[in-house]
Every structure is written in structure tokens, then in C-alpha cells.
There are 2 protein chains.
Amino acid sequence: MASHELDDTDHQLLRLLQADGRRTFSEMAPEVGLSVAAVKRRVDRMRESGVIKGFTVQVDHAKLGRGIEAFTELRFAGTTSVGDILASASRAPEVQAVFTIAGDLDALVHMRVRDIAHLQEVIDRLRGSGKVIGTRTLMVLGSWTRDD
Amino acid sequence: MASHELDDTDHQLLRLLQADGRRTFSEMAPEVGLSVAAVKRRVDRMRESGVIKGFTVQVDHAKLGRGIEAFTELRFAGTTSVGDILASASRAPEVQAVFTIAGDLDALVHMRVRDIAHLQEVIDRLRGSGKVIGTRTLMVLGSWTRDD
DNA sequence: CTTGAAAATATATTATC
DNA sequence: GATAATATATTTTCAAG
């Protein structure tokens with residue numbers, strides 16, 4: 001293993017792509033001091049090794065009518081498996097991410113909704129989906145994300 | 001306003017770009033039944049209106065030596081402003097995102113670390129940064145993210 | 001094993017309708 | 001929005017450090 005060890009140039013390419021995932025090889029080449037072909041080969045290699053999982057677009061959810069963001073902590077019945085938890089919580093389209101958690105709570109669910117009524121509705125849906133025995137919701141007032 | 005209303009085709013383009021942010025216009029054009037130029041105009045328009053904030057690369061953090069993920073809830077001294085909270089918590093490079101929260105806790109910090117010792121160290125750094133009066137850390141065992 | 005340069009192909013971009 | 005012309009970028013190939 002460790003067949004995918006990255007040097008400084010690779011890290012620099014990752015940073016460039018994090019800031020703009022559609023940056024062209026031709027644009028990055030002079031910035032890292034390599035030829036276009038060399039840059040492409042490095043990015044291809046990082047893709048193959050799985051260091052780069054993919055590329056995506058960053059969307060302004062508020063402008064798409066889902067301006068409210070919340071985290072809901074879920075507690076499940078003792079018999080629920082992690083797979084069940086992920087499957088159950090990820091079913092709602094408003095759910096952006098599900099984290100299974102060590103300790104007294106079982107999952108943390110990140111969701112985006114239109115308004116408070118919509119939030120209520122999603123929480124009810126989660127609670128109604130069977131094994132959920134408790135929830136606690138944290139409303140997000142503002143956020144900062146490391147540019148990615 | 002409402003100058004950035006999106007039709008079904010725009011939403012379809014967003015979905016395609018969410019799944020692969022480097023998909024070419026030429027590839028998307030037949031999928032949405034438009035010409036390449038029309039696709040480019042729509043994507044350009046969504047960029048200008050801010051619906052598309054940007055593009056980025058998705059990285060496998062475990063393969064970069066930061067395989068442990070955690071959320072830390074922070075409570076701050078009563079006099080701390082939201083700006084101070086964001087500034088303070090985002091200082092650590094291990095911090096991926098900071099959410100300011102309504103209710104009894106003040107912030108939820110998403111971080112990625114190398115190992116438990118590293119986690120300990122980051123938490124100590126956060127606690128030591130002045131106004132933090134309490135923390136509670138949730139270790140992430142597993143996660144699922146809607147593909148973006 | 002990685003690079004750079006060049007050629008061939010594909011894509012992006014712009015102008016016109 | 002489509003089509004066509006032009007400018008860029010990607011991708012492959014091959015020779016070389």
C-alpha cells in the first residue's frame with residue numbers, strides 16, 4: 001500500500017482544484033511548473049488511486065428555496081443496525097448527510113429545508129420512520145466552510 | 001429579482017454537474033436535449049446569478065491521513081459575538097466547517113484529524129482560544145452524503 | 001518512473017441568424 | 001435556441017532525462 005503517496009505538487013494541484021474544480025490542466029500547468037501532460041497524468045493518477053473521489057458543483061441552496069439548515073440528533077431503538085440507521089435517515093430528500101456517532105446519540109443528520117414548517121415535516125417523517133426513539137434539532141444560524 | 005428562476009432543464013444540469021462537476025457541455029447537451037451553446041449559456045447564467053457558487057474536487061480525506069472525523073459542540077462566554085465565534089473556531093486547519101447554532105449551544109464544529117491524539121490536541125486548542133467555556137465532542141463512526 | 005513536446009482529437013467559445 | 005467558425009483544451013504518442 002501507500003502506493004498513492006503525494007508530493008508537494010500533488011497537494012498543490014488538489015488545492016487548486018478545491019478552489020476551482022473546473023480549472024483546466026493548461027491553466028494549472030504553469031502554476032505548478034510542469035507541462036500540461038504531466039499535470040493531467042498526476043490528476044489521472046489521483047483519480048485512479050481514489051485520492052480524488054470526484055468533482056462537483058457548489059450550489060447556493062438559499063437561492064434554490066432551501067434557505068434553512070439544521071442538524072438533527074437521532075436516537076434509535078437498541079436493535080437498530082448502522083446500516084438501517086443510514087438507510088432510514090437518508091431516505092428524506094431534504095437530508096444532505098448522515099453521520100453515525102459514537103456515544104449516547106446514534107446519528108447526526110444534516111438537512112436543508114424551505115422553512116420551519118418544512119423542517120417540522122421532515123423531523124416528523126424521520127420520527128415516524130420506525131425505529132427513531134428521540135430527536136433533538138439544532139437550527140443553523142450561520143456557517144463557514146473551508147473553501148471546498 | 002427572481003431573475004434567477006430555474007426550469008427543469010436547469011435543475012437537470014445541476015444534477016448532472018453535482019454527479020460530475022467536470023462533465024463537458026458537449027456531454028450534457030444531448031442529455032438535456034439542447035445544443036452545446038445553449039447548455040453553456042444556462043450554466044453561465046447560473047454562475048452569474050450565484051445559484052452556482054463554484055466547482056470543487058471531492059477528496060478522500062482518509063487517504064490523505066485524516067481518517068478521523070468529529071463534531072465538537074462549543075459553548076462560548078456570553079459576551080462573544082457570532083463573528084468572534086466563527087473567527088475563533090475556523091482558525092484551526094483541521095476545522096472543515098463551523099455552524100453557529102440557535103439554542104443552548106453556540107457552535108457546531110466539523111473537523112478531520114489524523115488520530116485520537118490529534119483530536120485531543122485540536123480540542124485543547126479550541127478550548128484554549130479564549131472564550132470557549134464548554135465542549136462536547138461527537139466522534140463520527142461512519143457517514144453518508146448525498147452525492148455532492 | 002516521470003517528464004516535455006508535438007500531433008490528433010475533442011471541447012469551449014463567440015458570432016450570426 | 002441552433003448552427004457554424006474559431007480558439008482552447010484534452011489526450012495520445014513518442015522520445016528523452
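The basis for the numbers below is simple: all heavy atoms, side chains too, and nothing from hydrogens, waters or symmetry mates. Each chain gets a letter, A, B and so on, in the order its sequence line appears, and its residues count up from 1.
Counting only heavy atoms from C-beta on, B:Leu34 has its side chain closest to D:dG1 among D:dT11, D:dG1, C:dA12. Minimum atom distance to the side chain of A:Ser35 is reached by C:dG4, of the listed D:dA2, C:dG4, D:dT10. Of the listed nucleotides (C:dT3, C:dT13, C:dA15), C:dT13 has the atom at the smallest distance from the side chain of B:Phe25. For B:Thr24, the listed nucleotide lying nearest its side chain is C:dA12; candidates were C:dG4, D:dT10, C:dA12. Comparing C:dA12, D:dG1, D:dT10 by their nearest atom to the side chain of B:Ser26 picks out C:dA12.
Counting non-hydrogen atoms under 4.0 angstrom, A:Ala37 reaches a base of the nucleic acid. Within the nucleic acid shown, B:Arg23 has no heavy atom closer than 4.0 Å to any nucleic acid atom. Across all strands, A:Arg42 comes closer than 4.0 Å only to sugar-phosphate atoms, never to a base (heavy-atom distances).
Environment of CG in B:Asp7: crowded, with over 12 heavy atoms of neighbouring residues, nucleotides or ligands closer than 6.0 Å.
No donor-acceptor pair closer than 3.5 Å links the side chain of B:Arg42 to the backbone N or O of B:Thr9. With A:Ser88 contributing its side chain and A:Ile85 its backbone, the two residues share no donor-acceptor pair below 3.5 Å.
For the pair A:Met28 CE and D:dT8 P, the computed distance is 18 Å after rounding to whole Å. The distance from atom CZ of B:Arg22 to atom C1' of C:dA10 is 14 Å, rounded to the nearest whole Å. Atoms CG (A:Leu13) and C1' (C:dT2) sit 14 Å apart, rounded to a whole Å. Between the P atom of C:dA12 and the CG atom of B:Leu17 lies a distance of 11 Å, rounded to the nearest Å. C:dA12 atom P lies 14 Å from atom CZ of B:Arg41, rounded to whole Å. One can place CG of A:Asp44 at 12 Å from C1' of D:dT12, the figure rounded to the nearest angstrom. The separation between A:Asp10 atom CG and C:dT3 atom C1' is 14 Å, rounded to whole Å. Nucleotide C:dT13 holds its P atom 11 Å from the CD atom of A:Glu27, rounded to whole Å.
Just one of B:Thr80, B:Val82, B:Leu86 meets the side chain to side chain contact (heavy atoms under 4.5 Å, CB included) condition when paired with B:Asp84; it is B:Thr80. Considering B:His110, B:Arg125, B:Arg66 in turn, B:Arg125 is the only one that fulfils the side-chain hydrogen bond (donor to acceptor under 3.5 Å, both in side chains) rule with B:Glu94.
In this structure, A:Lys40 does not reach the D:dT10 phosphate: none of its side-chain N or O atoms is under 4.0 Å from OP1 or OP2.
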